[in-house]
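Encoded as structure tokens, the structure appears first; notes follow it.
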Amino acid sequence: MTELKPWQWPEETWRGKVEQVRAGRNLKPKVWPGGARCAVALSFDVDHETNELRDGGKSVGRLSWGQYGNRAGMPRILSMLAREQIKASFFVPAVTALLYPDEQRRVVAEGHEIGLHGWIHEVNTAVPPDQERELHLRSADTLETITGVRPVGMRTPSWDFSEVTLAVERELGLIYDSSLFADDDPYELIEKGEPTGMVELPVEWIRDDAVYFNMNRFQALRPYTPPEAVFDIFKREFDGAYAEGGLFLLTMHPHVITYRSRFWILEELVRHAKGKGDVWFATHAEIAAYVKAQAGL
Ligand SMILES: [Zn+2]
């Protein structure tokens, strides 16, 4: 039987695709802890060498760029967070944790959260469903073995989400996902019409450093946005969240944001947010648990 083209699909086909995973109730709370006006969730996707390994691992140069994330990036991030006394979330491919177990143990020892980020930064929609399930389960076990802490949330590599990802997250007993886009503020995930009780902490490419700064010598990918403009975009996203009493969630990478010409963006943003006086800096896990409890989920 020849496969139907999208314009030939019956309603149940296109509706079924849309209904696989949907945004349900909005979980923005009436008030944040301590009477804070908005929540700030800083996240770092600790990809390191897995970006190049995922693509076949042929370029030693690009692997060394990944190592920058460990050598220069992570120490800069961790010392800034300690100085500012704020906690953040680190999403870690299992292979990164196996390459740098001490780094991940330090992250946990300093009070930050570690979440799932695939095995080797694989693209979920390119992996057969049974293998995807096995990789997530093995990744959770690996992170727990190395750090002593079982992750409670997942950010899928490249925010790529397959038709089985949510089912595996539920099987793992995770309380939240942070890979989808359907709102500015937290919401409940609906799977095939059924409320799941799982929290989505939504992401957006505009709140991701890699979009503005990534570079590939052999493709047309270049950084076109100056650091000042990136700061302006992030700041306006935060100001909007503050004005609406919502969530400001930022995704960064240790091998992208930490360069000497860029790290000020994050430092300045933290100063700006702290200057408001009533902002709750928290890990993704803390925010997910709070909004879940507020909503009685
Ligand atoms: Zn990543």
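Being a predicted model, the structure only gives us computed values, none of them experimental. Order of appearance sets the numbers: ligands from 1, and atoms from 1 within every ligand.
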Between [X] and [Y], does any side-chain donor sit less than 3.5 Å from a side-chain acceptor?
{"X": "D160", "Y": "S158", "value": "no"}
{"X": "H48", "Y": "N70", "value": "no"}
{"X": "S89", "Y": "R155", "value": "no"}
{"X": "Y100", "Y": "Q67", "value": "no"}

Cut-off under 2.8 Å, centre the Zn ion (ligand 1), protein N/O/S atoms: D47 OD1, D47 OD2, H117 NE2, H121 NE2
R138 and E134 ion-paired at < 4.0 Å: yes
Residues R271, E268: salt bridge by 4.0 Å N-O rule: yes
